[in-house]
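One structure is given here, and the rest of the page talks about it.
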2 protein chains.
Amino acid sequence: MNKHPLRQQIEEIVKLTDDEFDFVLQHFRKKSFKKHQIILHEGDYAQFDFFVVKGLMRVTKLDFDGKEHILQFGMENWWITDAEAFHNKTKSTLIVDCLENTETLSLSLESKEKLSRELPKMQTFFLKKTTNGYIALQKRILCFLSSNANDRYHNLLTLYPGLIQRVPKAMIASYLGVTRETLSRLSKIKA
Amino acid sequence: MNKHPLRQQIEEIVKLTDDEFDFVLQHFRKKSFKKHQIILHEGDYAQFDFFVVKGLMRVTKLDFDGKEHILQFGMENWWITDAEAFHNKTKSTLIVDCLENTETLSLSLESKEKLSRELPKMQTFFLKKTTNGYIALQKRILCFLSSNANDRYHNLLTLYPGLIQRVPKAMIASYLGVTRETLSRLSKIKA
DNA sequence: CCATTTTTTTGACAAATGTCCTGTTCAGCA
DNA sequence: TGCTGAACAGGACATTTGTCAAAAAAATGG
């Protein structure tokens, strides 16, 4: 009997009874999307934080020049949204779309706050997840500070070995902050 | 009658009674450090998260080549520590030291968790602060993805206008991920 | 105030990366 | 089946940034 992936993630941090998890799950709504579908447009309000059950999404920033920069991928068990727009109820400056058909559980800010209030364990969970996310971003920044494109690429390979098979290299390049031409050259030059 | 800077920061997010703030403050310990003093060495456990009352600290990563990369500055009202080592009780991979004589309020992980448990408002505060920190790091990453050294520099100037007066430019360069020579050349080439 | 150290700037050159372009392969689709 | 566009590799050259060396400027300590 397999536990729900969301429950599994929560219980890595706080334990829940069956009733408690039912209560938690009531605050989510299932949403499915198709490949290429845009979930959040620039300028829209970010109504939901998405827990990815199956599939692959990404968060993109559109440049002044129209270039797109990938801030984040979201595979299974990742949370994905425009964090600033979602938490501050402001219009999104980012775009969220699907690279594959994707099933999610969506959580509104109101539901998140209600959950945090009525089941304090869940606030503990959100705090721990956010802290871990903060630490992960610090590491990514450190990577920008201390590594060249080649090292950043190989760091990414070991960090998310599954990603490269599911995502075009041009997007990997975008996530790494280099052009696809540069990434293409790295692949062969050096292991 | 001026409020305590820590209270002021907390009350931007959750309101506290005088008694509650007294209770909060009991969990902190005043610690003062001198310029150049190292607060957290690589390999040490990060016992505390520091709220900077007065002064200036920084968090540094030491390279394999011995080069240092500045991950974060911490001025007045900032929180500073090795987040990963602090929250996971692991040995620090970063160094925290003082660029000026600095007064802090230190909070241990045990105190932070006790406070979160006994005064849920404080957990709400910590969650909001961490979320804001996460958003700030996302923006810094976006800056690395989409901007060259010159734009990153001017972005930093507008973001923390006070910083440049208090910190040698070589350290600003380190924070931006460029050499001091490159930064020096930018300053004049372009506004 | 001077002496010393730290910080900043500058130049010449090397290395990394970006830009523009072409050609090839391959998957998806009419 | 053949067409089309996406993905990828590669060349030629421009631009940005790094490296090393040295001088100039500013800060610090006695």
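Computed over heavy atoms, backbone and side chain alike; hydrogens, waters and symmetry mates excluded. Residue numbers start from 1 in every chain, and the chains themselves are labelled A, B, ... in the order their sequence lines are given, proteins ahead of strands. Since the model is a prediction, treat every value here as computed from it, not as a measurement.
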Check your understanding: Rounded to the Å, how far apart are A:M171 CE and D:dC8 P?
Key -> 9 Å
Point to revise | Residues A:K129 and A:D49 bridged, charged N to O under 4.0 Å | key: no
Review point. Taking atom CZ of A:R180 as the centre, does the number of heavy atoms from other residues, nucleotides or ligands within less than 6.0 Å exceed 12?
Key: no
Exercise for review: Salt-bridge test for A:E76 and A:R166: reply yes if a basic N is under 4.0 Å from a carboxylate O, no otherwise.
Suggested key: yes
Check your understanding: Between B:I164 (CD1) and D:dA26 (P), how many Å, whole number?
Key -> 15 Å
Revision key, fill the gap. Letter by letter from the 5' end, nucleotides 13-30 of chain C scores (B base, S sugar-phosphate only, - none; protein heavy atoms under 4.0 Å) ----SBBBB---------
Check your understanding: Separation of A:H36 atom NE2 from D:dG5 atom C1', in whole Å?
Key -> 12 Å
Exercise answer: donor-acceptor pairs, residues 110-125 of chain A side-chain atoms, under 3.5 Å, sequence neighbours excluded:
unit_1, atom_1, unit_2, atom_2, d
A:S111, OG, A:S108, OG, 3.1
A:K112, NZ, A:H87, NE2, 3.1
A:K114, NZ, A:H27, NE2, 2.8
A:S116, OG, A:K112, O, 2.9
A:K121, NZ, A:K15, O, 2.8
A:K121, NZ, A:E20, OE1, 2.8
A:K121, NZ, A:E20, OE2, 3.2
A:Q123, NE2, B:T124, OG1, 3.0
A:T124, OG1, A:P120, O, 3.4
A:T124, OG1, B:Q123, NE2, 3.0

Study note, to complete from the structure: Of C:dT7, D:dC8, D:dT28, the nucleotide closest to the side chain of B:P168 is C:dT7
Check your understanding: Does a side-chain N-to-carboxylate-O contact under 4.0 Å join B:E84 and B:K89?
Key -> no
Revision key, fill the gap. Contacts of B:K91 meeting salt bridge (Lys or Arg N to Asp or Glu O under 4.0 Å) (sequence neighbours excluded), chain-then-number -> none
Review point. Under 4.0 Å between a side-chain N or O of A:K169 and OP1 or OP2 of D:dA6?
Key: no
